[in-house]
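For reference, the structure discussed in these notes is given below.
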Amino acid sequence: MPDSWLDIAPDAQFGLATLPYGVYTVDGGEPRVGVAVGDHVLDLGAVARAQDAPFADAVGGPNLDALLAAGRPVWDAVRRSLTTWLTDPAHEETVRPHLVDRASVRLHLPFTVADYVDFYASEHHATNVGRIFRPDQEPLTPNWKHLPIGYHGRSGTIVASGTDIARPSGQRRPPTDATPTFGPSVRLDIEAEVGFVVGTSSPMGGRVAVDDFADHVFGVFLLNDWSSRDLQAWEYVPLGPFLGKSFATSVSPWIVPVAALEAARVEQPAQDPEPLPYLAGSRSWGLDLRLEVRLNGHVVSRPPFALMYWTAAQQLAHMTVNGASLRTGDVFASGTVSGPEVAQRGCLLELTWSGKEPLTLPDGTERTFLEDGDEVTITATAPGPDGTRVDFGEVTGRILPAT
Ligand code: MN
């Protein structure tokens with residue numbers, strides 16, 4: 001990878017290997033599409049106009065919607081141009097005026113979220129949750145290894161990183177009681193996940209094959225599926241998650257393009273039994289993303305995304321196999337990422353084994369589930385080309401008392 005004329009520290013968070021897209025404002029001004037590079041954000045709309053780029057209209061709006069809809073050839077052209085503009089000294093004079101200090105920007109939800117689906121693709125997570133929620137049964141349900149299980153979430157409550165999360169209230173029934181009570185959730189949890197955003201739509205009645213993943217999915221980001229376990233445990237039978245999840249879902253503001261993840265692609269874990277033919281295709285859509293979960297600044301888990309049983313490409317094929325259409329801005333998430341080790345579990349339900357094994361934080365306090373004032377931050381990195389690093393930034397959120 002060539003060097004930039006821009007002074008990017010070797011250990012900078014966003015080197016040329018990542019070049020993620022986001023939406024920013026400066027001092028309450030108009031939202032603009034930006035690209036993070038080193039300590040800067042490049043005003044992509046302005047620089048594309050200055051360069052008279054053919055895709056200037058697709059990146060000139062207040063969000064990523066037009067770029068998402070533009071499709072793979074345009075996504076590739078933008079990324080190629082960005083690399084050229086930031087490495088060829090001939091472009092420095094035109095590009096430099098459109099760099100802003102990254103510390104001075106406010107980041108926003110970068111695209112209009114269409115539909116939202118959340119999956120359940122970690123075998124370790126599903127096994128642990130099965131043991132906790134249904135101790136007298138097989139931990140994995142009979143369908144689990146035949147299809148990527150998912151549910152439709154609430155797209156209208158997907159919020160940008162940094163948004164405070166009010167503790168939800170609702171119905172719960174303690175195991176010792178015959179009837180439910182109403183009140184603030186007492187088992188508020190996180191789920192460390194990876195999200196995917198669809199760019200290119202597909203028609204109703206069509207199907208998207210596993211191998212067409214990169215033609216439809218624009219980018220990848222981090223997602224915290226805040227979950228109220230007491231609400232969830234009472235309401236989820238028989239139709240699945242509802243109010244225990246729909247109050248808020250936080251997403252990281254920088255969208256890492258799929259094209260940045262070529263060096264992070266790995267073979268997915270062996271699948272036994274062999275999935276049905278519509279779920280077959282490239283097995284190398286495993287992604288070597290290494291997540292870290294911090295609770296009040298203290299690392300409590302390092303979930304390995306490479307071990308996910310179902311890939312995002314299989315999830316996309318499954319979502320459309322019945323003829324459901326895809327819309328630009330559709331989000332689907334992986335499900336909680338958990339590995340085989342205790343310190344690789346992506347939610348407090350598993351980390352504390354349903355509250356029976358509290359975590360001790362460095363300040364001496366213990367946690368089973370989240371307390372008011374707690375702040376949770378998820379970060380991730382992945383290998384980039386030639387020993388470089390792809391960085392996903394962070395998704396963070398703080399718990400406020402119930403209203
Ligand atoms: Mn989830």
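Every number for a ligand or one of its atoms is a count from 1 in the order of the listing. Numbers for residues simply follow the sequence, beginning at 1.
- For the side chain to side chain contact (heavy atoms under 4.5 Å, CB included) with L222, the lone residue among V251, V395, T396 that qualifies is V395.
- Counting only N and O atoms by type, the side chains of E350 and H124 include no donor and acceptor under 3.5 Å apart.
- The six-membered or imidazole ring of F196 lies away from that of F221, with a centre-to-centre distance of 6.0 Å or more.
- Side-chain contact check for S104 and R102: no donor-acceptor pair (N or O, by modelled atom type) lies under 3.5 Å.
- In this structure, CZ on R265 lies 5.0 Å from OG on S282, to the nearest 0.5 angstrom.
- The Mn ion (ligand 1) has D118 OD2, E191 OE1, E193 OE2, D225 OD2 as its protein N, O or S neighbours under 2.8 Å.
- Residues Y24 and H108 keep their aromatic ring centres 6.0 Å or farther apart.
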